[in-house]
Amino acid sequence: MTLHVHNTLSRTKETFEPISSDHVRMYVCGPTVYNLAHIGNARPVVVFDMLARLLRRLYPKVTYVRNITDIDDKINAASRETGEDIRSITDRTTKVFQNDMAALGSLPPDVEPRCTDHVDQMIRMTGELIETGNAYEAEGHVLFNVPSMAEYGQLSRHSRDELIAGARVDVAPYKRDPADFVLWKPSDEATPGWDSPWGRGRPGWHIECSAMAQEYLGNEFDIHGGGQDLIFPHHENELAQSRCANHTGSMAKYWMHNGYLMAEGEKMSKSLGNFYTVHDLLDEFPGEAIRLVLLQTHYRQPLDFTKEGIAEAKRTLDKWYRAIGDHVPESDDVPDSITRALSDDLNTPKAITELHRLSGDASKQAFLAAANFMGLMQQSADDWFKWSPADAAPVDEAAIEVLITERTEARASKDFARSDEIRDELAAQGIVLEDGADGTTWKRKNS
RNA sequence: GGCGCGAUGGCGGAGAGGCUACGCAGCGGCCUGCAAAGCCGUGUACACCGGUUCGAAUCCGGUUCGCGCCUCCA
């Protein structure tokens, strides 16, 4: 099966040919851990989780690296504001992030490096860039000199001149060129800092990914992923740093970017009330429903994330869980139709169409294998239907059973008035009764 | 201002020069004491205006609307 992926470098779909056919290497930019991840942060996680799962099917070995950025001025600001220790903020936020992403059915990456453990590598790379003449020291800063790299702008397709023409921000006086960006900057006493040849300071925004990618994946690797918003400046600058420091013609062979996400038709913002953290959404909806919403749209398309959309995804999963009944997965033979759809630049919507078709098969094995592969249908139908929102009123199961028994007797004696009364009574409490072939069952009315 | 992305039926969402997906919702039917579920059937579409072509939702040009980025900075 040939994999095709859209490469941002060429802006076209290309045949995926790994640098080394027995080992595929992928780096995805992870979160800056200073607050809870929102649904926009979750999109690349779920998308590249799906890609990693597919790569593991297609190739003997995959190394998937996703970093944790725990050095950042937003973290420093949060700490100053709340008084919470920086390490405490980043540890706590990292843990919640990992749990939330697991709840969305995403497998952990193979390596999840933290910036604080790799400052030495960043210092080394910064030093190397000074040596190659691509960077210079100025007033305690080390800056990457953009004009020193002829091909700067190849990823974002911004020319240096355009950037300067459109610049909205005052250029720092110590920059040799207005487009130059920071590799290292000085820290005052109140700010975390590390000793370096240029004094006590901290790394700039982009160098961490260059350093950690190099550490775990080598000078050149196969796929570099992230959200479209990272193309410029983050990935453009990473690319420049890595190429110059590693003396290579590329950093990653394929650059993949997922599209933007909006919420309820508008850009997410706290003031609009449409700022959804994954953590909060998980109180309201099962993680699989959120994952399905994210996979229902092709990763490069814009996605308007809505609560109604999650509710609809949940109804789809309700249907699938009803369809599988007591079937449990017995194999992990994923049908070709699924692999084929995903191999076409991760066409998850097409794969989901295929899931709909497979769910109707008499044997549920192909369906279960395919859905599991996509990180869906990972629980028993029983467990699925037991799920309830965090704020749901507790149900008195015993009382419900008593009423069901009474209703069964009423129905047996054709007392349908009483039977319907019980149905209505329970419906008012959000309990739906279903008369099946082997008795009456109940479930919560969630959506 | 510069650069880029998007627009498909009531909704979600693939596809892509002729075969007009799929899901939800709707409608009709079967089933059911009722209901739910299930099954069968069914309608509705490619933002707008031109062009290329025997044929365009799909290619080209323009328009409109929506969105993003333009470097460490709140």
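This one's a predicted model, so the numbers in the text were calculated from it and none came from an experiment. Any value given below was found using the heavy atoms of this structure, including those in side chains, with hydrogens, waters and symmetry copies removed.
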Note to self: Just to verify, what does A:D70 make a salt bridge (charged side-chain N to carboxylate O under 4.0 Å, His left out) with, not counting sequence neighbours?
What the structure shows: A:R114
Margin query: Work out how far the C1' atom of B:G43 is from that of B:C3, and round it to whole angstrom.
Written below: 44 Å
Notebook entry, point to check: Given atom CG of A:L358 and atom C1' of B:G23, what is their separation to the nearest angstrom?
Noted result: 14 Å
Check: Which nucleotide in the set B:G4, B:C3, B:A14 lies at the smallest distance from any side-chain heavy atom of A:R11?
Finding: B:G4
Check: Whole-Å distance between B:C73 P and A:D72 CG?
Finding: 13 Å
Notebook entry, point to check: Which of the following nucleotides, B:C72, B:C22, B:U71, is nearest to the side chain of A:H356?
Noted result: B:C22
Next item on the list: Give the intermediate values and the outcome of side chain to side chain donor-acceptor pair (under 3.5 Å) for residues A:H6 and A:H257.
Entry: CA-CA 9 Å; A:H6 179 91; A:H257 294 95; over 6 Å; no
Next item on the list: Between A:V432 and A:N237, name the one whose nearest nucleotide on RNA chain B is closer to the 5' end.
Entry: A:V432
Show each protein N/O and nucleotides 39-41 of chain B N/O combination with a separation under 3.5 Å, one pair to a line.
none

Note to self: For a quick check under 3.5 Å, do A:R243 and A:Q154 share a side-chain donor-acceptor pair by atom type?
What the structure shows: yes
Note to self: Could you tell me how far apart A:L346 (CG) and B:A14 (P) are, to the nearest whole angstrom?
What the structure shows: 12 Å
Checklist line | Side-chain heavy atoms of A:P31 within contact of A:T69, under 4.5 Å | finding: no
Note to self: Taking only the C1' atom of each, what is the distance from B:C11 to B:A25 in whole angstrom?
What the structure shows: 7 Å
Note to self: Give me the distance, rounded to whole Å, that separates B:U32 from B:C39 when you measure between the C1' atoms they each carry.
What the structure shows: 13 Å
Next item on the list: Quick one: list whatever passes side-chain hydrogen bond (donor to acceptor under 3.5 Å, both in side chains) with A:S196, sequence neighbours left out.
Entry: A:W184
Checklist line | A:C29 and its side chain to side chain contact (heavy atoms under 4.5 Å, CB included) partner, picked from A:E238, A:R66, A:H206 | finding: A:E238
Item checked: Atom C1', compared across B:A21 and B:C34: separation rounded to whole Å -> 37 Å
Notebook entry, point to check: Quantified in whole Å, what is the P atom distance between nucleotide B:U42 and nucleotide B:A47?
Noted result: 26 Å
Checklist line | 5′-ward residue of the pair A:F181/A:R322 relative to RNA chain B | finding: A:R322
Note to self: Taking ring pair (Phe, Tyr, Trp, His ring centres under 6.0 Å) as the definition, give me every residue that meets it alongside A:Y174, ordered by chain and number, with sequence neighbours left out.
What the structure shows: A:H141
Note to self: Checking side-chain polar atoms at under 3.5 Å, does A:S10 have a donor or acceptor matched by the opposite partner on A:E14?
What the structure shows: yes
Next item on the list: Provide, to the nearest angstrom, the distance between the CH2 atom belonging to A:W384 and the P atom belonging to B:A37.
Entry: 16 Å
Notebook entry, point to check: Taking the inter-plane angle between the rings of A:Y321 and A:W384 on a 0 to 90° scale, is it parallel (under 30°), tilted (30 to 60°) or perpendicular (over 60°)?
Noted result: parallel
Notebook entry, point to check: A:E84: what forms a side-chain hydrogen bond (donor to acceptor under 3.5 Å, both in side chains) with it, not counting sequence neighbours?
Noted result: A:S88, A:R92
Item checked: Minimum-distance nucleotide to A:T353 side chain [options: B:A14, B:C22, B:C70] -> B:C22
Next item on the list: Whole angstrom is fine here: how far is it from CZ in A:R300 over to P in B:G4?
Entry: 16 Å
Item checked: Spacing of the C1' atoms in B:A45 and B:G12 (rounded, Å) -> 14 Å
Note to self: Under the rule for ring pair (Phe, Tyr, Trp, His ring centres under 6.0 Å), what residues qualify as partners of A:Y254, not counting sequence neighbours?
What the structure shows: A:F16
Margin query: Just to be sure I understand the rule, does A:Q301 reach a base, reach only the sugar-phosphate, or reach nothing, if contact means heavy atoms closer than 4.0 Å?
Written below: sugar-phosphate
Notebook entry, point to check: OP1 or OP2 of B:C72 less than 4.0 angstrom from a side-chain nitrogen or oxygen of A:K175, does that happen here?
Noted result: yes
Notebook entry, point to check: Which letters describe nucleotides 25-35 of chain B, given B = protein heavy atom under 4.0 Å from base, S = only from sugar-phosphate, - = neither?
Noted result: --------BBB
Check: Just checking A:K267: base, sugar-phosphate only, or nothing, at a heavy-atom cut-off of under 4.0 Å?
Finding: sugar-phosphate
Next item on the list: Could you provide the dot-bracket string of RNA chain B, using ( ) for intrastrand pairs, [ ] for crossing pairs and | for bases paired to another strand, with Watson-Crick or G-U pairs below 3.5 Å?
Entry: (((((((..(((.....[...))).(((((.......)))))....(((((..]....))))))))))))....
Checklist line | By side-chain hydrogen bond (donor to acceptor under 3.5 Å, both in side chains) - contacts of A:R57 (at least two apart) | finding: none
Next item on the list: Round to the nearest Å and state the distance from A:D229 atom CG to B:C5 atom C1'.
Entry: 13 Å
Note to self: Between B:C67 and B:U8, how far apart are the two P atoms, rounded to whole Å?
What the structure shows: 15 Å
Notebook entry, point to check: Could you state the CG-C1' distance from A:L295 to B:G23, rounded to the nearest angstrom?
Noted result: 15 Å
Notebook entry, point to check: Quantified in whole Å, what is the P atom distance between nucleotide B:A35 and nucleotide B:C30?
Noted result: 13 Å
Item checked: Expected output: side-chain A:S250 to main-chain A:K253 donor-acceptor under 3.5 Å -> no
Check: Among all residues two or more places apart in sequence or in another chain, which pass the side-chain hydrogen bond (donor to acceptor under 3.5 Å, both in side chains) test with A:E434?
Finding: none
Next item on the list: Examine the side chains of A:S413 and A:D415 and answer whether a donor and an acceptor come within less than 3.5 Å of each other.
Entry: no
Next item on the list: Counting heavy atoms from C-beta on, name the nucleotide in B:C24, B:G15, B:G13 closest to the side chain of A:E312.
Entry: B:C24
Note to self: Rounded to whole Å, please give me the gap between CG in A:N347 and P in B:C22.
What the structure shows: 15 Å
Next item on the list: Mind checking ring pair (Phe, Tyr, Trp, His ring centres under 6.0 Å) for A:F144 and listing every partner two or more places apart, or none if nothing turns up?
Entry: A:F181
Note to self: Counting only heavy atoms and a strict 4.0 angstrom limit, can you tell me which residues of residues 194-211 of chain A come near RNA chain B?
What the structure shows: A:W205, A:H206
